[in-house]
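I have placed the structure first, in the form of structure tokens, so that the comments after it can refer back to it.
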Amino acid sequence: MELMYASTRDADERVTASQAILRGLANDGGLYVPTEIPALDVDMDELAGMSYQETAYTVMKKFLTDFTEEELKHCIRSAYDDKFDTEEIAPLVEARGAYYLELFHGATIAFKDMALSILPHLLTTAAKKNQVKNEIVILTATSGDTGKAALAGFADVPGTRIIVFYPKNGVSPIQEKQMVTQKGENTLVVGIHGNFDQAQTGVKKMFSDAELKKRMDEAGYQFSSANSINIGRLVPQIVYYVYAYARLYANGVIAKGEKINVTVPTGNFGNILAAFYAKNMGLPIAKLICASNENKVLYDFFTTGNYDKNREFVLTSSPSMDILISSNLERLIYWIAGNDAAKNAELMQSLSTSGKYEISPQMREQLNDFYGGYTKEEETAETIRSLYKETGYVIDTHTAVAAGVYQNYKKETGDIAKTVIASTASPFKFTRSVMNAIDGEYDRMTDFELVDELSRIGTVKVPQAIEEIRNAKVIHDTVCEVEEMPLVVEKFLGIE
């Protein structure tokens with residue numbers, strides 16, 4: 001049976017999986033969601049014997065029903081290959097009673113690789129399927145990691161161009177260097193004078209600009225998205241939660257059917273939403289622990305039922321989570337509104353006009369699967385320091401937010417269920433923050449001296465992604481104001 005996708009803001013819009021991937025965002029500004037969540041009807045004994053690639057096919061075929069077996073397997077093979085530095089793709093590491101799901105073994109050492117290594121293949125397959133003649137222009141805003149992972153995925157892919165906007169002073173030095181040294185004739189990286197939310201809002205406005213869309217079409221272009229709003233990003237993320245559970249079972253850590261908790265550091269809400277979808281497929285997950293940094297808009301939402309972005313924007317040591325508008329939360333709001341597109345559209349309109357909305361008590365009742373927590377900057381640093389001192393295991397700042405929230409959750413609830421923590425980036429991506437957390441004396445070193453020192457104390461090889469940028473030449477130096485974003489896009493495409 002073919003699974004269709006609906007817009008979260010228009011009850012009448014229905015498209016296939018390939019059309020949803022191609023468009024990225026619905027015409028009304030809504031996000032595409034599956035009209036139902038398919039069941040994970042494979043025995044856990046069978047899943048326990050599967051490779052990552054086999055698990056990916058088993059899960060993704062349920063959602064991408066208009067892709068043939070051959071097409072989907074080709075996309076999976078092309079994505080999960082030697083770009084990853086481990087055959088397991090997403091290994092689990094036990095430290096201090098929790099299981100860290102390392103999602104950073106791909107080309108850009110962040111969890112975004114898990115989905116963005118396959119998205120270009122899904123997108124180009126979808127374009128052929130739908131007889132698209134236009135060149136696909138990937139338009140993306142990043143808070144640090146999506147940008148580089150998307151650039152790496154789409155660089156020199158025929159029939160595509162990619163434009164990435166990032167907050168000029170809102171990403172780590174390593175993140176920025178990774179992006180601005182990106183090769184590829186079809187790539188453009190632009191720093192904006194503003195924060196991530198402003199970059200994301202600017203991108204969304206261009207998607208819904210009918211006049212721009214018309215001029216682009218005349219010039220042979222059409223927009224698509226590599227942000228986590230694209231369902232082609234979300235579906236591959238479901239895979240690694242299924243894989244993690246199957247590995248825990250295969251290794252004798254949990255009994256068949258035993259429920260686990262999942263802790264995810266999140267700003268845009270996509271990564272934890274994938275875990276929620278996995279749970280609703282039938283994966284035995286008890287609590288979904290949503291970990292925020294000091295930009296705790298999601299923590300406040302889960303504890304009060306109010307979403308309010310009208311607050312100070314805090315630059316933290318976990319910049320990929322420095323977000324006040326969590327785009328993927330809309331998919332959950334639509335779900336708890338009983339798939340009521342009109343109700344969801346009303347709440348999103350309120351967010352657009354007043355910067356806030358409040359959900360009903362009935363909707364709040366459906367959030368019992370979630371626990372919201374946050375850590376302050378000093379707690380994040382202390383988590384890195386204490387975990388290293390006790391175990392020798394080094395984690396990055398985002399993973400530390402999740403580990404800190406998990407420790408607080410355990411103290412507060414006494415819940416001792418086995419827990420998977422999504423480890424979303426390599427510590428090498430945020431060396432200064434990580435090393436300063438371990439010992440303030442390290443602050444005297446340069447960024448790349450810190451890289452080598454981290455390799456020494458953590459007894460981990462420096463990732464290839466870092467070695468590549470040591471002496472790489474800056475290729476992209478464009479910087480613009482928020483309101484100039486459309487002009488930059490038009491100039492790059494030659495449609496001024």
Side-chain angles (χ1 to χ4, degrees), residues 95-98 100 104 110-111 143-145 167 169-175 195-196 263-268 271-272 289-304 308-309 311-324 326 371-413 415 419 421-445 447 449-451 453-454 457-458:
R96 202 156 64 180
Y100 289 81
F104 54 75
F111 83 100
S143 56
D145 285 339
N169 298 308
V171 300
S172 81
I174 297 281
Q175 284 178 313
N195 61 38
F196 168 73
T263 307
V264 186
T266 189
N268 225 354
N271 203 0
I272 196 164
I289 301 166
C290 179
S292 301
N293 64 18
E294 287 185 20
N295 291 292
K296 56 189 181 65
V297 67
L298 286 167
Y299 164 77
D300 291 340
F301 170 72
F302 282 113
T303 47
T304 67
D308 188 352
K309 76 174 184 76
R311 62 184 68 207
E312 183 193 354
F313 183 87
V314 185
L315 287 172
T316 73
S317 61
S318 47
S320 300
M321 296 158 65
D322 290 347
I323 292 171
L324 295 180
S326 301
Y371 168 92
Y374 77 100
T375 59
K376 293 185 174 172
E377 282 289 89
E378 54 269 30
E379 286 178 271
T380 305
E382 174 52 33
T383 302
I384 294 170
R385 182 166 47 252
S386 62
L387 187 65
Y388 171 68
K389 296 274 194 269
E390 287 173 38
T391 68
Y393 187 55
V394 185
I395 56 174
D396 93 292
T397 45
H398 303 73
T399 307
V401 168
V405 166
Y406 172 59
Q407 293 302 324
N408 294 341
Y409 168 80
K410 262 205 314 192
K411 278 186 210 139
E412 189 185 310
T413 64
D415 184 355
T419 297
I421 294 176
S423 186
T424 53
S426 164
F428 286 96
K429 201 144 192 170
F430 303 93
T431 41
R432 188 162 298 279
S433 297
V434 169
M435 296 300 277
N436 279 348
I438 291 171
D439 189 334
E441 287 297 303
Y442 286 126
D443 205 34
R444 294 171 291 121
M445 293 183 172
D447 285 324
E449 284 172 343
L450 286 170
V451 162
E453 183 64 7
L454 172 54
I457 69 161

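All values derive from a computational prediction rather than experimental measurement.
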Locate the shortest heavy-atom distance separating [X] from [Y]; write the atom from each residue and the value.
X	Y	value
G170	L315	CA-CD2, 4.2 Å
S317	T397	O-OG1, 2.8 Å
G267	S326	O-OG, 2.6 Å
A98	Y406	CB-CE2, 4.0 Å
G372	Y299	O-CD1, 3.4 Å
A400	I395	CA-CD1, 3.6 Å

Nearest 0.5 angstrom please: [X] [atom1] to [Y] [atom2], how far?
X	Y	atom1	atom2	answer
I174	S426	CD1	OG	9.5 Å
T424	N271	OG1	CG	7.0 Å
E378	R385	CD	CZ	10.5 Å

Partner of V401 under side-chain contact (heavy atoms from CB on, under 4.5 Å), chosen from D396, T266, N293: N293
Can you label the angle between the Y371 ring and the Y409 ring as parallel, tilted or perpendicular, going by 30° and 60°? perpendicular
Is there a side chain to side chain contact (heavy atoms under 4.5 Å, CB included) between Q175 and F430? Walk through the geometry before answering. CA-CA 8 Å; Q175 284 178 313; F430 303 93; 3.4 Å; yes
If we check side-chain hydrogen bond (donor to acceptor under 3.5 Å, both in side chains) with T375, which of these qualifies: N408, T380, T383? T380
Any residue meeting side-chain contact (heavy atoms from CB on, under 4.5 Å) with E390, in chain and number order, not counting sequence neighbours: R96, S386
Derivation and outcome, side chain to side chain contact (heavy atoms under 4.5 Å, CB included), residues R432 and D447: CA-CA 7 Å; R432 188 162 298 279; D447 285 324; 3.3 Å; yes
